[in-house]
Amino acid sequence: MKIPNPSNRLRESIALSVAGLLILTSIGFAQDQSRRELTFPNIYSYVTLKCDFHMHTVFSDGLVWPTVRVQEAWRDGLDAIAITDHIEYHPHKVDVGTNSTRSYDIAKPTADSLGLLLVRAAEITRPEPPGHLNALFLEDTEPLCTPDYHDAVKAAADQGAFLFWNHPGWKQPDNKAVWYKEQGEFLAKGWLRGLEIVNGPDYSPIVHRWAVDKNLTPMGNSDTHGPIDMEYDGSAEHHRPVTLVFAKEKSLSSLKEGLMDRRIVIWSSTNLYGASEYLKPLLEKSVRVINSSITIQGKGSATLNLYNESPCEFTLRSLDTLKGIQLPKKLVLPPGRSVACKITVTDPRDGKQTLELPFMAMNLHPAPDKTQPVEIRVTVQFKP
């Protein structure tokens, strides 16, 4: 987000701070070249790509060099990023100029060397309305450098860009987003394709509802300006927001297709947001039953060991829909941990059966006011 225009003295201080941060972050990467793998499973026939599509460098109002953004993303386990420097706002222009393509050009060789997909992108930064929009998959950022906001948005759309509205609630009273007629025009023309429902630590249920009702792709991004490790510690609870894109392959064209088709889930802290058709298999493939075949005699019980292979914690509440089977009322599955789940038979059965244990995933949200039903499959040998 934009910061106030600094004075000359403050600019000098910022320039010195930037230089210091560049040195520190470069040293940090040299000392720590390990990657935190985000073990979200692939679902259906898609590859799950971990992405952040909103971040800044010194070529707008960020405080790090473009290569540092790439290195941070690689360390955080991401597969794709977009550096979205502001087209119109350049508080460091005395030091680095105003070339709108420079951050991408600098970052690209490092991204290629690390196997990271780098999306050519920019942030169209105008007062409200229409506010800030990110344009992804641009061919050229220069046509967006035009005084009229409508011309800038059209220039991005004419290139086939994926356009999404950033932090719609920013600057609004109580952070409650307002739908502008300008956004309605962009939507009617087919230019607006997504809405940022998660920006840094902030989630907007209002914007999430718009995304569901208007068939727009929900997005979750860091919008990071400083070094990412100063904002997040990389743990499951304090990881940058990530947009999971379910793509046919790891390529820019498949990434764009996945966004256009709304094949995404957002991971933000301990919550997941997205359509049920992706939330449900994502959890069910993340939770592995270690002893998937158990024996229960009469009105006895047995214990399942459930292992959460994903980096996201799951909170499950049992549903009383499976006749004669009693499950724990609540299960919390921490990332990378096993949890014991006791199954008790209240109505004896006989024979070998495969059960779909019904739960409600309380931290999976297909809409602001909804949670996601899921099932965990287990094979049980019942004995009289």
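This is a predicted model, so every value here is computed, not measured. This chain uses plain numbering: 1 for the first residue, then up along the sequence.
- A donor-acceptor contact under 3.5 angstrom links the side chains of H365 and N271, judged on distance only.
- Remark: K189 does not engage D158 in a salt bridge, criterion side-chain N to carboxylate O under 4.0 Å.
- Side-chain contact check for F314 versus S286: some heavy-atom pair is nearer than 4.5 Å.
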#### Entry: Steps toward side chain to side chain donor-acceptor pair (under 3.5 Å) verdict (Q353, R349)
CA-CA 9 Å; Q353 299 179 23; R349 305 182 182 196; 2.8 Å; yes
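- For the pair E185 and K181, the salt-bridge criterion is not met [side-chain N within less than 4.0 Å of a carboxylate O].
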### Task
Would you sort out whether R35 and D79 count as a salt bridge (charged side-chain N to carboxylate O under 4.0 Å, His left out), showing the intermediate values?
CA-CA 11 Å; R35 175 176 163 91; D79 299 304; 3.6 Å; yes
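- A salt bridge between R75 and D229 is present, with a side-chain N of the basic residue lying under 4.0 Å from a carboxylate O of the acidic one.
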Show which side-chain atoms of residues 108-118 pair as donor or acceptor with protein atoms under 3.5 Å away, not counting sequence neighbours.
from, atom 1, to, atom 2, distance (Å)
K108, NZ, D112, OD1, 2.8
K108, NZ, D112, OD2, 2.9
S113, OG, T110, O, 2.7

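- Within the 4.5 Å cutoff, side-chain heavy atoms of V245 are placed close to those of L259.
- Under 3.5 Å, the side chains of N363 and T315 contain no donor-acceptor pair of N or O atoms.
- Electrostatic pairing of K383 and D350 does not count as a salt bridge here, judged by no charged N lying under 4.0 Å from a carboxylate O.
- Using a 4.0 Å cut-off between a side-chain N of Lys or Arg and a carboxylate O of Asp or Glu, R263 and E257 qualify as a salt bridge.
- Counting only residues at least two apart or in different chains, side chain to side chain donor-acceptor pair (under 3.5 Å) contacts with residues 338-348 are absent.
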Donor-acceptor list for residues 302-312 side chains, cut-off 3.5 Å, not counting sequence neighbours:
from, atom 1, to, atom 2, distance (Å)
N308, OD1, S310, N, 3.0
N308, OD1, S310, OG, 3.0
N308, ND2, C312, O, 2.8
N308, ND2, L333, O, 3.0
N308, ND2, P334, O, 3.4
E309, OE2, R288, NE, 2.6
S310, OG, C312, N, 3.1
S310, OG, C312, O, 3.1

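- Within a 6.0 Å radius of NZ in K256, other residues, nucleotides and ligands contribute more than 12 heavy atoms.
- Remark: the Y273 side chain and the H208 side chain contain no N/O donor-acceptor pair separated by less than 3.5 Å.
- Between the side chains of E231 and H238, no donor-acceptor pair is found at a separation under 3.5 Å.
- Looking at heavy atoms from C-beta onward, P218 lies in side-chain contact with I266 at the 4.5 angstrom threshold.
- Taking 4.0 Å as the cut-off between side-chain N and carboxylate O, R126 and E88 count as a salt-bridged pair.
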### Worked check of salt bridge (charged side-chain N to carboxylate O under 4.0 Å, His left out) between D76 and K50
CA-CA 10 Å; D76 277 357; K50 288 80 69 178; over 6 Å; no
### Query
When you look at S100 and T141, which way does the side chain to side chain donor-acceptor pair (under 3.5 Å) test go after all the steps?
CA-CA 6 Å; S100 65; T141 56; 2.7 Å; yes
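- When each of H167, E123, H132 is tested with H54 by the rule side chain to side chain donor-acceptor pair (under 3.5 Å), just one qualifies, namely E123.
- Within 6.0 Å of NZ on K352 lie no more than 12 heavy atoms contributed by other residues, nucleotides or ligands.
- Using a 4.0 Å cut-off between a side-chain N of Lys or Arg and a carboxylate O of Asp or Glu, E375 and R377 do not qualify as a salt bridge.
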